[in-house]
Amino acid sequence: MNFIEEMRWRGLLHDVMPGTEEHLLEGKRAGYIGFDPTADSLHVGHLSTAMLLVHFAHCGHQPIALVGGATGMVGDPTDKTNERQLLYEEELNKNVAGIHHQLKYLLEKAGGEGTINMVNNYDWMKDYTFLDFIRDIGKHLTVNYMTSKDSVKKRLEFGLSFTEFSYQLLQGNDFLHLYEKHNCTFQMGGSDQWGNIVTGTELIRRKAEGKAYAMTAPLVTRADGSKFGKSDGNDNVWLDAEKTSPYKFYQFWINQDDDMSEQYIKRFTLLEKAEIDELIEEHRANPGRRIVQNRLAKEVTTLVHSKEDLDLAITASGILFGKSTKENLQQLSKQAIQEVFEGVPTFTIQKTDLEHGIEVVDLMADKTTIVSSKGEARRSLKENSISINKEKVGLEAQVSTADLLNDTYILVQKGKKNYFLLEVQ
RNA sequence: GGGGGGAUACCAAAGUGGCCAACUGGGGCAGACUGUAAAUCUGUUGUCUUCGACUUCGUAGGUUCGAAUCCUGCUCCCCCCA
């Protein structure tokens with residue numbers, strides 16, 4: 001299958017070096033993407049680039065995933081306005097291990113065992129001495145060339161340490177190394193990586209007198225246009241089930257608006273063009289059924305987590321968003337509740353607190369962190385946004401042991417989408 | 001080294017002695033309408049024992065019946081001249 005052609009219809013082709021398509025059509029090629037260990041788990045932003053490798057493998061090529069044990073120590077200045085904080089070695093090692101594991105799992109699940117070649121640039125950088133490096137690598141590139149990169153230029157005005165300035169040399173050297181040792185002639189990445197990638201192909205041309213190719217994909221943005229993930233806040237969607245539960249992960253995809261879901265289904269699933277076209281057509285004919293969102297959520301949750309996690313997420317979503325009532329909830333067994341609400345924030349409260357009834361305000365503000373203050377608790381009650389066991393409650397409402405589901409649980413809902421489970425002891 | 005300007009809630013930005021828990025915009029959170037969408041409209045966005053009280057306007061003091069607003073020290077930021 002023609003990889004570039006595939007990328008083109010999926011809307012994943014932002015920039016491509018001339019001759020790349022022909023080069024890839026000549027036979028099986030090795031291509032890589034680098035991931036810096038900025039956290040111990042990948043997030044959806046990484047997933048979008050990781051999918052490039054998945055598609056690459058799917059088209060019959062050899063994917064190489066590089067974990068940046070070395071580059072992570074330095075920090076990529078791209079899209080950073082401030083100098084990056086250096087990571088401690090211990091934290092770095094943990095991050096490398098986490099990311100390594102996730103990438104391997106993901107790629108093998110999508111492409112079969114043994115499809116992925118995992119490398120860590122720390123392995124070839126750790127014994128490289130500074131002198132050797134500046135003589136071997138630094139000699140081939142001019143500072144003029146390096147400073148002309150956008151990632152550097154933007155920072156020159158505000159300051160950029162020599163450390164981060166050197167980042168592109170490290171990434172360039174990675175490409176050179178893979179070219180020489182793994183016959184890797186192709187690098188992919190997000191569109192912000194173009195500068196760093198080109199440094200690599202340039203280095204290969206000058207030092208190894210070889211020819212290497214590259215392509216970048218548009219960055220995934222949220223509905224509001226901001227870039228996914230990285231270090232902004234905790235609203236990131238992580239691949240690690242501990243950080244973002246499969247249920248939440250599933251909901252993330254379900255909640256995408258129409259435009260986004262059409263983009264995402266091309267990017268994040270391996271479905272064929274004909275099938276996707278059909279889904280989109282069906283969806284547009286009847287948008288209320290959210291066909292694309294549902295399929296997207298199903299595919300991605302299965303890929304990243306598992307079929308079992310998906311089934312639970314669907315069951316949970318059905319109960320939470322379907323027309324279920326208090327009676328439905330009461331019919332659930334204790335075990336079913338536990339399974340369905342896996343990953344929903346849970347608070348433990350004392351049974352004695354409930355015996356004589358307790359004001360909902362006190363319950364939410366004192367016994368849990370559903371709201372951050374009593375003022376907020378009252379406000380949300382006035383706004384009519386709080387439900388207990390699927391029934392809206394007002395300011396005066398009280399909760400007692402009579403409200404317990406299965407003698408153990410109370411389901412609190414704030415707004416339409418935020419659920420909390422209270423477990424009585 | 002000299003001169004000038006600034007620091008206000010999540011962000012931006014008004015307010016320059018009492019009408020200020022603090023205009024306005026963005027963001028957030030919710031409600032209505034919907035399709036768990038978008039757009040739109042509405043409410044809300046310091047804390048509490050909530051028709052009232054308390055704590056907030058860089059920081060520490062002071063003046064005053066009363067200060068985000070005036071004075072002094074300190075810290076940090078920006079600009080201009082050398």
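Every chain is numbered from 1 and lettered A, B, ... according to where its sequence line falls, protein lines coming before strand lines.
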Is there a side-chain contact between A:Arg378 and the phosphate of B:U49, meaning an N or O under 4.0 Å from OP1 or OP2? yes
With a 4.5 Å heavy-atom cut-off, do A:Val300 and A:Phe249 have their side chains touching? yes
Counting C-beta onward and ignoring hydrogens, is there a side-chain heavy-atom pair between A:Asp366 and A:Lys374 closer than 4.5 Å? yes
Would you list the protein and nucleotides 43-46 of chain B atom pairs, both N or O, that sit under 3.5 Å from each other?
{"unit_1": "B:G43", "atom_1": "N2", "unit_2": "A:Glu383", "atom_2": "OE2", "d": "2.7"}
{"unit_1": "B:U44", "atom_1": "O2'", "unit_2": "A:Arg379", "atom_2": "NE", "d": "3.1"}

A:Lys390 has an atom NZ; how far is it from atom P of B:U36, in whole Å? 11 Å
Could you measure between the two P atoms, the one in B:U75 and the one in B:A60, and give it in whole Å? 15 Å
Walk me through it: do A:Glu5 and A:Arg8 pass the test salt bridge (Lys or Arg N to Asp or Glu O under 4.0 Å)? CA-CA 5 Å; A:Glu5 187 52 45; A:Arg8 204 170 278 139; 3.2 Å; yes
Apply the test salt bridge (Lys or Arg N to Asp or Glu O under 4.0 Å) to residues A:Arg295 and A:Glu275: give CA-CA distance (whole Å), side-chain angles for both, the deciding distance (0.1 Å), then the verdict. CA-CA 11 Å; A:Arg295 187 59 187 271; A:Glu275 189 167 7; 3.1 Å; yes
Integer angstrom distance from the P of B:A12 to that of B:U8: 8 Å
Please determine, by modelled atom types, if A:Lys417 and A:Asn255 share a side-chain donor-acceptor pair under 3.5 angstrom. yes
Just to be sure I understand the rule, does A:Gly415 reach a base, reach only the sugar-phosphate, or reach nothing, if contact means heavy atoms closer than 4.0 Å? sugar-phosphate
Tell me whether the side-chain N/O atoms of A:Lys382 come closer than 4.0 Å to OP1 or OP2 in B:G31. no
I'd like the C1' distance from B:G17 over to B:A22, given in whole Å. 15 Å
Using the C1' atom on both, measure B:C33 against B:G27 and round to a whole Å. 23 Å
Could you work out, with side chain to side chain donor-acceptor pair (under 3.5 Å) as the rule, every residue matching A:Ser333, not counting sequence neighbours? none
Residue list, side chain to side chain donor-acceptor pair (under 3.5 Å) with A:Lys273, at least two apart or on another chain: A:Asp277
Ring pair (Phe, Tyr, Trp, His ring centres under 6.0 Å) partners of A:His23, counting only residues at least two apart: A:Tyr213
Base-contact (B) and sugar-phosphate-only (S) positions in nucleotides 20-25 of chain B, heavy-atom cut-off under 4.0 Å, - elsewhere: ------
Any N/O pairs under 3.5 Å between the protein and nucleotides 37-41 of chain B? List them or say none.
{"unit_1": "B:A37", "atom_1": "OP1", "unit_2": "A:Lys417", "atom_2": "NZ", "d": "3.3"}
{"unit_1": "B:A37", "atom_1": "O4'", "unit_2": "A:Arg290", "atom_2": "NH1", "d": "2.9"}

For A:Lys149, enumerate each residue passing the side chain to side chain donor-acceptor pair (under 3.5 Å) test, keeping only those at least two apart in sequence or located in another chain. A:Tyr145, A:Thr199
Can you list, in residue-number order, the parts of residues 301-318 of chain A that come under 4.0 Å of RNA chain B, counting heavy atoms only? A:Ser317
Which helical stems does RNA chain B take part in, if a stem means at least 3 consecutive Watson-Crick or G-U pairs with both distances below 3.5 Å? B:1-7 with B:75-81, B:10-12 with B:24-26, B:27-32 with B:40-45, B:46-48 with B:52-54, B:58-62 with B:70-74
Contacts of A:His140 meeting ring pair (Phe, Tyr, Trp, His ring centres under 6.0 Å) (sequence neighbours excluded), chain-then-number -> none
In terms of side-chain heavy atoms of A:Asn418, which of B:G31, B:C29, B:C48 is nearest? B:C29
Are A:Val119 and A:Val67 packed together at the side-chain level, in the sense that at least one heavy-atom pair is separated by less than 4.5 angstrom? no
Please state the C1' separation for the pair B:U34 and B:U45 - nearest whole angstrom. 25 Å
For A:Ser41, side chain to side chain donor-acceptor pair (under 3.5 Å) partners two or more places apart: A:Gln102
Pairwise P distance, B:U64 and B:A53 [rounded to whole Å]: 26 Å
Using the C1' atom as the reference point in each nucleotide, state the distance between B:G26 and B:C79 in Å, no decimals. 27 Å
When the P atoms of B:U56 and B:A21 are compared, how many Å lie between them, rounded to an integer? 13 Å
Applying side-chain contact (heavy atoms from CB on, under 4.5 Å) to A:Glu376 and not counting sequence neighbours gives A:Val371, A:Ser372, A:Ser373, A:Arg379, A:Lys414
